[in-house]
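Below is one structure, written out as structure tokens, with a few remarks after it.
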Amino acid sequence: MTSTDSSTHQGFTAEERAAMKDHAQELKAAARRGSRADKAAEAERDVLAKIAEMQDSDRIMAERVHAVITASAPVLAPKLWYGMPAYALDGKVVCFFQSAAKFKARYATLGFSDQAKLDEGTMWAAGFALTEVTPEVEARISALVKQAVS
């Protein structure tokens with residue numbers, strides 16, 4: 001028998017554990033809410049509150065991304081997903097914003113789940129690094145989101 005060195009397995013990072021705890025709290029909060037309209041309104045308030053808590057550059061980008069997504073694809077419902085703003089269709093997350101600070105990353109990310117209809121042949125991008133949201137980036141986000149729900 002060989003022994004295993006427990007120092008090689010690090011498990012989840014503190015940031016990943018915090019994201020999982022956020023997700024568990026989101027599920028509990030959603031289960032407690034009343035009507036569908038109440039749930040939707042509360043979910044959007046939660047997203048806006050989470051965006052307001054972000055650091056300056058992440059907050060500015062998240063606000064613009066939120067505005068573009070909600071204007072471009074009103075069928076998507078804002079909700080929190082692992083503590084980050086996400087946008088769902090029929091309860092399933094289609095796209096999400098991940099702040100750089102959340103996972104101590106170099107850049108924020110606009111990501112798309114497998115629910116997004118972004119298929120382009122046999123390989124396509126499902127995540128995009130964001131360092132700034134310019135008018136050109138807003139136009140690209142709008143086009144991607146529209147394609148994702150088409």
Side-chain angles (χ1 to χ4, degrees), residues 11-150:
F12 294 108
T13 66
E15 292 82 10
E16 290 168 331
R17 284 192 302 276
M20 288 185 284
K21 286 179 183 177
D22 286 343
H23 188 58
Q25 290 173 340
E26 293 155 13
L27 294 173
K28 288 177 187 176
R32 287 191 301 263
R33 293 185 182 129
S35 72
R36 184 174 292 204
D38 290 343
K39 287 180 182 183
E42 185 67 26
E44 181 154 19
R45 281 192 295 272
D46 291 347
V47 166
L48 294 173
K50 186 58 76 171
I51 290 171
E53 293 173 6
M54 292 180 186
Q55 295 177 358
D56 288 342
S57 63
D58 284 339
R59 187 186 72 254
I60 292 165
M61 286 190 289
E63 288 170 346
R64 292 304 315 139
V65 167
H66 177 78
V68 170
I69 291 173
T70 55
S72 300
V75 298
L76 293 177
K79 67 184 273 179
L80 288 178
W81 191 55
Y82 294 96
M84 289 286 104
Y87 304 87
L89 182 62
D90 298 327
K92 296 181 180 178
V93 171
V94 173
C95 59
F96 58 92
F97 177 86
Q98 182 177 305
S99 70
K102 176 78 173 184
F103 294 102
K104 299 177 183 155
R106 190 176 74 169
Y107 48 78
T109 305
L110 174 63
F112 291 87
S113 75
D114 62 341
Q115 300 297 312
K117 298 173 185 163
L118 298 178
D119 306 37
E120 291 180 6
T122 58
M123 186 173 102
W124 56 90
F128 298 86
L130 295 171
T131 57
E132 183 181 6
V133 179
T134 63
E136 295 80 19
V137 170
E138 287 181 4
R140 180 71 174 131
I141 291 170
S142 178
L144 284 167
V145 170
K146 287 175 183 176
Q147 180 183 349
V149 296
S150 64

Only counting residues at least two apart or in another chain, list the ones meeting salt bridge (charged side-chain N to carboxylate O under 4.0 Å, His left out) with K102. D22
Only counting residues at least two apart or in another chain, list the ones meeting side chain to side chain contact (heavy atoms under 4.5 Å, CB included) with Q55. A101
Closest approach of G91 to A88 (non-hydrogen atoms, all atoms of both residues): C-CB, 3.9 Å
To the nearest 0.5 Å, atom CD of Q147 lies from atom OG of S72 at 13.0 Å
Can F96 and M84 be said to form a side-chain contact (heavy atoms from CB on, under 4.5 Å), step by step? CA-CA 7 Å; F96 58 92; M84 289 286 104; 5.6 Å; no
Summary of salt bridge (charged side-chain N to carboxylate O under 4.0 Å, His left out) pairs that have at least one residue in residues 50-60, sequence neighbours excluded: K50-E53, D56-R59, R59-E63
Tabulate below the donor-acceptor pairs under 3.5 Å that side-chain atoms of residues 107-126 make, not counting sequence neighbours, or state none.
unit_1, atom_1, unit_2, atom_2, d
S113, OG, V93, O, 2.5
S113, OG, Q115, N, 3.0
K117, NZ, S150, O, 3.1

Write down the atom of L80, the atom of P85, and the distance for their closest heavy-atom approach. CD2-N, 4.2 Å
CA sep, side-chain torsions, deciding dist, call: K39, E42, salt bridge (Lys or Arg N to Asp or Glu O under 4.0 Å): CA-CA 5 Å; K39 287 180 182 183; E42 185 67 26; over 6 Å; no
How close do V145 and C95 get, counting heavy atoms only, and between which atoms? CG2-SG, 4.5 Å
Test side-chain contact (heavy atoms from CB on, under 4.5 Å) on M61 and F97; report intermediate values, then the result. CA-CA 9 Å; M61 286 190 289; F97 177 86; 4.2 Å; yes
Should E132 and R64 count as side-chain neighbours, where that means a heavy-atom distance under 4.5 Å? no
With a 4.5 Å limit on heavy-atom distance, are the side chains of V75 and L89 in contact? yes
side-chain contact (heavy atoms from CB on, under 4.5 Å) between V65 and I141: does it pass, once the steps are laid out? CA-CA 8 Å; V65 167; I141 291 170; 3.9 Å; yes
Sorted by chain and number, sequence neighbours left out, ring pair (Phe, Tyr, Trp, His ring centres under 6.0 Å) with Y87 holds for H66
So, using salt bridge (charged side-chain N to carboxylate O under 4.0 Å, His left out) as the criterion, who are the partners of K92 when residues are at least two apart? none
Could you give the distance from CD1 (I51) to CG (D46), rounded to the nearest 0.5 Å? 11.0 Å
